[in-house]
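Just below is one structure, and these are the notes that go with it.
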Amino acid sequence: MTQIHLRGLIAGLAGLALAGTLAACSSDSGTSTGAVSAAGTSAAAPAPAKMPAITELKTATTSLGEVVVDGKGMTLYMYTKDTQGTTTSACTGGCLVAWPLTVADSTPTLTGVAGAVGSIATADGRKQVTLNGWPLYYYAKDKAPGDVVGQDVGKVWYVLDKTGTPIKPAS
(Lines give C-alpha, C1' and ligand atoms only; values in the text may rest on other atoms or scores of the structure.)
Protein backbone atom coordinates (compact mmCIF):
# COMPACT_ATOMS: atom_id res chain seq x y z
CA MET A 1 0.00 0.00 0.00
CA THR A 2 1.11 3.50 -0.55
CA GLN A 3 1.77 5.66 2.45
CA ILE A 4 -1.24 7.88 1.65
CA HIS A 5 -3.65 4.90 1.41
CA LEU A 6 -2.29 3.44 4.64
CA ARG A 7 -2.83 6.75 6.48
CA GLY A 8 -6.40 6.91 5.15
CA LEU A 9 -7.07 3.34 6.28
CA ILE A 10 -5.70 4.04 9.76
CA ALA A 11 -7.72 7.25 10.06
CA GLY A 12 -10.86 5.41 8.92
CA LEU A 13 -10.37 2.62 11.46
CA ALA A 14 -9.79 5.14 14.25
CA GLY A 15 -12.99 6.94 13.26
CA LEU A 16 -14.94 3.68 13.30
CA ALA A 17 -13.61 2.82 16.75
CA LEU A 18 -14.62 6.23 18.13
CA ALA A 19 -18.04 6.05 16.48
CA GLY A 20 -18.59 2.62 17.98
CA THR A 21 -17.71 3.89 21.43
CA LEU A 22 -20.05 6.88 21.15
CA ALA A 23 -22.85 4.71 19.76
CA ALA A 24 -22.47 2.26 22.62
CA CYS A 25 -22.96 5.04 25.13
CA SER A 26 -26.09 6.31 23.45
CA SER A 27 -27.60 2.85 23.21
CA ASP A 28 -29.48 1.09 25.95
CA SER A 29 -26.36 -0.58 27.36
CA GLY A 30 -24.34 2.53 28.18
CA THR A 31 -21.58 0.47 29.75
CA SER A 32 -19.24 -0.10 26.84
CA THR A 33 -15.69 -0.77 27.94
CA GLY A 34 -14.10 -0.62 24.53
CA ALA A 35 -14.66 -0.51 20.81
CA VAL A 36 -14.40 -3.23 18.22
CA SER A 37 -12.03 -2.59 15.36
CA ALA A 38 -12.88 -3.32 11.75
CA ALA A 39 -10.94 -6.58 12.13
CA GLY A 40 -13.35 -7.62 14.89
CA THR A 41 -10.88 -7.49 17.75
CA SER A 42 -11.34 -5.40 20.85
CA ALA A 43 -9.47 -2.14 20.97
CA ALA A 44 -8.99 -0.05 24.07
CA ALA A 45 -11.52 2.76 24.33
CA PRO A 46 -10.18 6.31 24.40
CA ALA A 47 -9.46 7.53 27.91
CA PRO A 48 -12.43 9.20 29.61
CA ALA A 49 -12.29 12.97 29.81
CA LYS A 50 -11.45 14.19 33.29
CA MET A 51 -13.45 17.32 33.81
CA PRO A 52 -12.26 19.79 36.45
CA ALA A 53 -14.04 19.63 39.79
CA ILE A 54 -17.08 21.90 39.96
CA THR A 55 -17.77 24.35 42.76
CA GLU A 56 -21.32 25.39 41.87
CA LEU A 57 -24.62 23.96 40.64
CA LYS A 58 -27.13 26.43 39.28
CA THR A 59 -30.02 26.66 36.86
CA ALA A 60 -30.04 28.24 33.43
CA THR A 61 -32.70 28.81 30.80
CA THR A 62 -32.19 26.67 27.68
CA SER A 63 -34.31 25.61 24.73
CA LEU A 64 -35.68 22.90 27.08
CA GLY A 65 -36.58 25.40 29.80
CA GLU A 66 -34.81 25.84 33.12
CA VAL A 67 -32.22 23.06 33.65
CA VAL A 68 -29.35 22.29 36.02
CA VAL A 69 -25.89 23.41 34.88
CA ASP A 70 -22.45 23.76 36.42
CA GLY A 71 -20.98 27.11 37.49
CA LYS A 72 -19.84 27.80 33.91
CA GLY A 73 -23.30 27.14 32.48
CA MET A 74 -22.56 23.70 30.99
CA THR A 75 -25.61 21.43 31.02
CA LEU A 76 -25.63 18.36 33.29
CA TYR A 77 -27.43 15.09 32.58
CA MET A 78 -28.70 11.97 34.33
CA TYR A 79 -28.62 8.42 32.94
CA THR A 80 -31.67 6.17 33.25
CA LYS A 81 -29.45 3.08 33.58
CA ASP A 82 -28.35 4.50 36.94
CA THR A 83 -30.66 3.73 39.84
CA GLN A 84 -31.80 6.81 41.71
CA GLY A 85 -29.94 6.75 45.04
CA THR A 86 -27.23 4.43 43.68
CA THR A 87 -23.75 4.26 45.15
CA THR A 88 -22.02 3.52 41.80
CA SER A 89 -22.34 4.88 38.28
CA ALA A 90 -23.65 2.60 35.53
CA CYS A 91 -21.66 4.56 32.92
CA THR A 92 -18.19 3.02 32.75
CA GLY A 93 -15.36 2.47 30.30
CA GLY A 94 -16.01 3.88 26.83
CA CYS A 95 -19.29 5.41 27.98
CA LEU A 96 -17.30 7.93 29.99
CA VAL A 97 -15.67 9.29 26.82
CA ALA A 98 -19.00 10.70 25.64
CA TRP A 99 -20.44 11.25 29.13
CA PRO A 100 -17.74 12.55 31.52
CA LEU A 101 -18.53 12.47 35.22
CA THR A 102 -19.42 15.65 37.10
CA VAL A 103 -17.06 15.65 40.07
CA ALA A 104 -16.49 17.98 43.03
CA ASP A 105 -13.92 18.18 45.81
CA SER A 106 -16.60 19.39 48.24
CA THR A 107 -20.34 20.07 48.20
CA PRO A 108 -20.97 22.66 45.48
CA THR A 109 -22.78 25.90 46.24
CA LEU A 110 -26.34 26.03 44.92
CA THR A 111 -28.01 28.84 43.00
CA GLY A 112 -31.61 28.12 42.07
CA VAL A 113 -31.19 24.38 42.64
CA ALA A 114 -33.67 22.94 45.14
CA GLY A 115 -32.89 19.20 44.99
CA ALA A 116 -30.72 17.33 47.47
CA VAL A 117 -27.04 17.37 46.47
CA GLY A 118 -24.73 14.53 47.40
CA SER A 119 -21.94 12.42 45.93
CA ILE A 120 -20.89 8.87 45.19
CA ALA A 121 -17.37 7.47 44.99
CA THR A 122 -15.85 6.98 41.55
CA ALA A 123 -13.58 4.10 40.58
CA ASP A 124 -10.56 6.40 40.82
CA GLY A 125 -11.47 7.80 44.24
CA ARG A 126 -13.05 11.10 43.19
CA LYS A 127 -16.57 12.20 44.18
CA GLN A 128 -19.26 12.22 41.50
CA VAL A 129 -21.94 14.81 42.22
CA THR A 130 -25.53 13.60 42.58
CA LEU A 131 -28.76 15.58 42.47
CA ASN A 132 -31.91 14.09 43.96
CA GLY A 133 -30.01 10.78 44.00
CA TRP A 134 -29.07 10.88 40.27
CA PRO A 135 -25.34 10.83 39.39
CA LEU A 136 -24.56 13.79 37.10
CA TYR A 137 -22.69 13.78 33.78
CA TYR A 138 -21.59 16.15 31.04
CA TYR A 139 -22.07 15.40 27.34
CA ALA A 140 -18.91 15.69 25.22
CA LYS A 141 -20.83 17.16 22.26
CA ASP A 142 -22.15 20.10 24.31
CA LYS A 143 -19.63 22.79 23.40
CA ALA A 144 -21.06 26.00 24.87
CA PRO A 145 -23.04 27.04 27.94
CA GLY A 146 -26.72 26.26 27.42
CA ASP A 147 -26.15 23.51 24.83
CA VAL A 148 -28.54 20.57 25.39
CA VAL A 149 -27.36 18.26 22.58
CA GLY A 150 -27.33 15.27 24.95
CA GLN A 151 -31.05 15.47 25.74
CA ASP A 152 -32.82 12.16 24.96
CA VAL A 153 -29.71 10.56 23.40
CA GLY A 154 -30.45 6.86 23.15
CA LYS A 155 -33.67 7.57 25.05
CA VAL A 156 -31.60 7.21 28.27
CA TRP A 157 -29.91 10.61 28.87
CA TYR A 158 -31.88 13.59 30.21
CA VAL A 159 -31.42 17.06 31.65
CA LEU A 160 -32.80 17.75 35.13
CA ASP A 161 -35.00 20.49 36.51
CA LYS A 162 -34.06 22.45 39.64
CA THR A 163 -35.38 19.70 41.94
CA GLY A 164 -33.31 17.01 40.22
CA THR A 165 -36.24 15.53 38.32
CA PRO A 166 -35.41 14.33 34.79
CA ILE A 167 -37.07 16.36 32.03
CA LYS A 168 -38.25 13.81 29.48
CA PRO A 169 -40.05 14.45 26.19
CA ALA A 170 -43.83 14.18 26.30
CA SER A 171 -44.98 10.79 25.06
Side-chain angles (χ1 to χ4, degrees), residues 18 21-33 45-170:
L18 179 58
T21 299
L22 292 176
C25 291
S26 64
S27 72
D28 287 340
S29 72
T31 57
S32 174
T33 57
K50 291 206 177 188
M51 302 298 287
I54 67 166
T55 58
E56 179 182 17
L57 283 181
K58 61 184 185 176
T59 58
T61 302
T62 69
S63 61
L64 298 172
E66 191 176 10
V67 303
V68 175
V69 298
D70 70 6
K72 295 180 181 177
M74 297 303 292
T75 304
L76 302 175
Y77 298 86
M78 58 77 62
Y79 182 38
T80 61
K81 298 297 178 176
D82 284 325
T83 302
Q84 189 174 17
T86 189
T87 58
T88 58
S89 170
C91 180
T92 60
C95 178
L96 294 172
V97 173
W99 301 96
L101 305 175
T102 304
V103 297
D105 295 329
S106 60
T107 302
T109 60
L110 306 178
T111 304
V113 175
V117 175
S119 66
I120 59 175
T122 66
D124 63 0
R126 295 180 298 158
K127 293 179 181 178
Q128 183 177 6
V129 180
T130 62
L131 179 59
N132 197 25
W134 292 111
L136 299 179
Y137 305 86
Y138 291 96
Y139 185 46
K141 291 185 179 182
D142 282 348
K143 298 299 181 192
D147 283 355
V148 290
V149 178
Q151 175 68 356
D152 203 28
V153 168
K155 307 245 180 267
V156 294
W157 293 96
Y158 299 100
V159 297
L160 297 113
D161 70 14
K162 67 181 179 179
T163 67
T165 301
I167 300 173
K168 296 183 180 180

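Since the model is a prediction, treat every value here as computed from it, not as a measurement.
- Side-chain N or O atoms of Tyr79 include none that pairs as donor or acceptor with a backbone N or O of Ala90 at under 3.5 Å.
- Relative orientation of the Tyr137 and Trp157 rings is perpendicular, given thresholds of 30° and 60° on the angle between their planes.
- Between atom CH2 of residue Trp134 and atom CD of residue Gln84 there is a gap of 5.0 Å, rounded to the nearest 0.5 Å.
- Formation of a donor-acceptor pair under 3.5 Å by the Thr122 side chain with backbone atoms of Gln128 is not found in this model.
- Counting heavy atoms from C-beta outward, Asp142 and Tyr77 have side chains that approach closer than 4.5 Å.
- In this structure, Asp147 contributes its side chain and Val149 its backbone to no donor-acceptor pair below 3.5 Å.
- Between Thr87 atom OG1 and Asp82 atom CG the span is 10.5 Å, to the nearest 0.5 Å.
- Contact detail for Ile54 and Thr102: the closest heavy-atom pair is CD1-CG2, 3.7 Å.
- Checked against Leu57 for a side-chain contact (heavy atoms from CB on, under 4.5 Å), the options Thr107, Thr111, Leu160, Leu136 give a single hit: Leu136.
- Here the side chains of Thr59 and Val113 are in contact, with some heavy-atom distance below 4.5 Å.
- In terms of heavy atoms, Leu101 sits closest to Ser89 at CD2-OG, 4.3 Å.
- For Ser119 against Thr130, the heavy-atom pair with the smallest separation is N-OG1, 3.4 Å.
- Minimum interatomic distance between Pro135 and Thr86 (heavy atoms only, all atoms of both residues): CG-CG2, 3.6 Å.
- Taking the side chain as every heavy atom from C-beta outward, Pro108 and Val117 approach each other to under 4.5 Å.
- Taking the six-membered ring where the residue is Trp, the centroids of Trp99 and Tyr139 are separated by under 6.0 Å.
- Shortest non-hydrogen contact noted between Gln151 and Pro169 is NE2-CD, 4.3 Å.
- Here the side chain of Lys127 pairs no donor or acceptor atom with the backbone of Ala104 at under 3.5 angstrom.
- Residue Ala140 comes nearest to Pro100 through the heavy atom pair N-CD, 4.2 Å, listed as atom of the first residue, atom of the second, then distance.
- Using a 4.0 Å cut-off between charged side-chain N and carboxylate O, Lys72 and Asp70 make no salt bridge.
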